[in-house]
Amino acid sequence: MSNTAQSFLEFVQGGHYSKKKNAESFPKEAKDELRQLLYAYDGKRFEFEKVGMVAKYVAKEVREIDQEQLMLDLADYILEEHLHHVLEVDPKKLTEDQKEDLTQFYLPATYYVRPTLNKVGKGYTKPQDILFGGQSEIELLTEIRNVSAHFKRLDAEYERLKGEWAKDVELIKKKKLKTPIGSLSYLPHKREYNIEQILNEKSLDFFFQHGKVNLERLNEWIEMGVLDSSILKKNRIVTDIALQFMVMTLDAEKKMYQGMEWRKKQLRKRAI
């Protein structure tokens with residue numbers, strides 16, 4: 001048996017996979033229970049310094065983007081040779097023939113490993129019965145904190161192992177490795193396009209008809225100070241306000257605010 005197959009067996013048979021799945025599902029259910037306990041209290045933020053946790057309601061805007069107008073505005077602001085940084089192809093706007101034509105613009109494929117458990121493998125996973133009732137807010141928060149930290153460690157180890165398995169020569173060659181508890185498949189990620197090449201060969205009009213703005217990259221450019229945030233704001237429509245219930249450590253909240261403040265300072269420096 002190869003080292004890859006052996007480590008897969010050890011992770012599952014040793015109970016680590018089962019613990020990871022249980023640790024992943026517990027916090028959501030515990031947060032729902034905590035939300036019910038806090039429902040009767042006034043306020044939007046509840047700090048529990050004793051256990052270093054905070055629970056809060058955060059208003060989040062539900063937005064729609066006028067993609068067509070946003071692209072037109074970006075074309076006015078950015079030189080065409082730089083537009084590929086913030087554009088992407090929208091598969092929903094392509095016919096099957098167009099999808100086939102665009103395969104010539106694929107970037108090199110990248111791969112990942114997908115583990116699949118068979119009936120024997122699933123026998124090593126034991127769903128945890130979660131029973132609530134009687135726990136105080138402090139007890140629930142302590143469990144959420146501890147289980148979330150445990151999941152983070154297990155998930156990091158799982159991702160590390162998948163990275164190691166993806167280097168297995170036999171798996172790369174055969175694309176699938178069978179074991180007594182299931183299999184490991186070597187699969188391609190969703191293919192990405194060379195946007196710069198498409199833009200050069202098909203022009204900007206192609207993206208007006210078959211593309212959209214990559215909002216993640218656009219926001220990066222805004223944070224870097226390359227573009228003013230107004231270009232996005234004027235093409236953004238708020239359709240609803242959703243109230244989200246969040247639970248995190250006080251340390252995580254502090255780091256989040258520090259990160260936001262650091263980004264604001266960086267933007268102010270660039271503006272000087």
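Only this structure's heavy atoms are used, side chains among them; waters, hydrogens and symmetry mates stay out. By convention here, the first residue in the shown sequence is residue 1.
Within 6.0 Å of atom CD in Glu192, 12 or fewer heavy atoms from other residues, nucleotides or ligands are found, so the atom counts as exposed in its surroundings. Atom CG of Asn3 has 12 or fewer neighbouring heavy atoms from other residues, nucleotides or ligands inside a 6.0 Å radius. Within a 6.0 Å sphere centred on CD of Glu64, heavy atoms belonging to other residues, nucleotides or ligands number 12 at most. Heavy atoms of other residues, nucleotides or ligands lying less than 6.0 angstrom from CD of Glu81 number more than 12.
Taking CE of Met248 as the reference point, atom CD1 of Ile144 lies at 12.0 Å (rounded to 0.5 Å). How far CG of Leu141 is from NZ of Lys50: 12.0 Å, rounded to the nearest 0.5 Å. Atom OH in Tyr106 sits 6.0 Å away from atom OG1 in Thr103 (nearest 0.5 Å). Atom CZ of Arg217 is separated from atom CE of Met224 by 13.0 Å, given to the nearest 0.5 angstrom. If you take CD on Glu143 and CD on Glu33, they are separated by 10.5 Å, rounding to the nearest 0.5 Å. A distance of 10.5 Å separates CG of Leu154 from CD of Glu24, quoted to the nearest 0.5 Å.
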| query | When you look at Leu74 and Leu218, which way does the side chain to side chain contact (heavy atoms under 4.5 Å, CB included) test go after all the steps? | reply | CA-CA 10 Å; Leu74 287 172; Leu218 178 60; 3.9 Å; yes
Q.
Between Lys234 and Asp73, is the side chain to side chain contact (heavy atoms under 4.5 Å, CB included) condition met? List the steps.
A. CA-CA 10 Å; Lys234 68 180 182 179; Asp73 290 345; 3.2 Å; yes
- [ ] Carefully, step by step, assess Gln36 and Asp32 under the rule side chain to side chain contact (heavy atoms under 4.5 Å, CB included).
- [x] CA-CA 6 Å; Gln36 292 299 318; Asp32 289 341; 6.0 Å; no
Checklist line | Test side chain to side chain contact (heavy atoms under 4.5 Å, CB included) applied to Glu157 and Leu161, step by step | finding: CA-CA 6 Å; Glu157 175 61 11; Leu161 285 172; 3.8 Å; yes
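Residues Lys20 and Thr125 are not in side-chain contact: their nearest non-hydrogen atoms beyond the backbone lie 4.5 Å or more apart. Between Tyr112 and Lys162, the closest side-chain pair of non-hydrogen atoms is not below 4.5 Å. Between Leu232 and Leu227, every side-chain heavy-atom pair lies at or beyond the 4.5 Å cut-off. Here the side chains of Ile241 and Glu61 are in contact, with some heavy-atom distance below 4.5 Å. Side-chain contact between Lys212 and Lys92 is absent, with no heavy atoms from C-beta onward closer than 4.5 Å. Side-chain contact between Arg191 and Leu107 is absent, with no heavy-atom pair separated by less than 4.5 Å. In this structure, the side chains of Leu102 and Lys202 come closer than 4.5 Å at one or more pairs of heavy atoms. Side-chain contact between Glu220 and Glu216 is present, with at least one heavy-atom pair separated by less than 4.5 Å.
When every heavy atom of Thr179 is checked against every heavy atom of Ala5, the shortest pair comes out as CG2-CB, 3.8 Å. Closest approach of Glu88 and Phe207 over heavy atoms only: O-CD2, 3.9 Å. Pairing each heavy atom of Lys175 with each of Ile172, the nearest pair is NZ-O, 2.8 Å. Between Met246 and Val58 the shortest heavy-atom distance is SD-CG2, 3.6 Å. The shortest heavy-atom contact between Val120 and Pro180 is CB-O, 3.7 Å. The minimum heavy-atom distance linking Leu204 with Ala75 is given by the pair CD2-CB, 3.8 Å.
Between His85 and Trp221, the ring planes are tilted. Angles from 30° to 60° get that label. In this pair, Phe132 and Phe26 present their aromatic rings tilted. The plane angle is within the 30 to 60° band. Between Tyr186 and Tyr111, the ring-plane angle classifies as parallel under the 30° and 60° cut-offs. Ring-plane geometry between Phe206 and His210 is classed as tilted, the angle between the planes lying from 30 to 60 degrees on a 0 to 90 degree scale.
Linking ILVMFWY side-chain heavy atoms closer than 4.5 Å, directly or via other members, places Leu79 and Leu70 in two distinct hydrophobic clusters. Clustering ILVMFWY residues whenever any of their side-chain heavy atoms sit less than 4.5 angstrom apart, transitively, puts Leu38 in a cluster other than the one holding Leu250. Taken together through direct or relayed side-chain contacts under 4.5 Å among Ile, Leu, Val, Met, Phe, Trp and Tyr, Tyr57 and Val247 form part of one hydrophobic cluster. Cluster membership for Tyr41 and Phe245, using ILVMFWY side-chain heavy atoms within less than 4.5 angstrom, is shared. Under the 4.5 Å side-chain heavy-atom criterion for Ile, Leu, Val, Met, Phe, Trp and Tyr, Val54 and Phe48 are members of distinct hydrophobic clusters.
For Lys93 (side chain) and Gly211 (main-chain N/O), a donor-acceptor pair under 3.5 Å exists by modelled atom type. Checked by atom type and distance alone, the side chain of Arg145 pairs as donor or acceptor with a backbone atom of Val51 at under 3.5 Å. No donor-acceptor distance shorter than 3.5 angstrom exists from the side chain of Asn118 to the backbone of Ser183, with no hydrogens or angles considered. A side-chain donor-acceptor contact under 3.5 Å links Ser18 to the backbone of Lys126. The backbone N or O of Val62 lies less than 3.5 Å from a partner atom in the side chain of Thr239, making a donor-acceptor pair. The closest donor-acceptor contact from the side chain of Asn235 to the backbone of Ile231 lies under 3.5 Å. Remark: side-chain polar atoms of Asp101 are not paired, donor with acceptor, to backbone N or O of Asp97 under 3.5 angstrom.
When ring centroids are compared, Tyr17 and Tyr124 stay outside the 6.0 Å threshold.
A salt bridge links Lys56 to Glu253: one of the charged nitrogens lies within less than 4.0 Å of a carboxylate oxygen. Glu96 and Lys99 are joined by a salt bridge, as a carboxylate oxygen and a charged side-chain nitrogen come within less than 4.0 angstrom of each other.
A donor atom on one side chain and an acceptor atom on the other are found under 3.5 Å apart for Ser230 and Asp228.
A ring-ring contact (aromatic ring centres under 6.0 Å, His included) with Tyr158 holds for exactly one of Phe11, Phe151, Phe8; it is Phe11.
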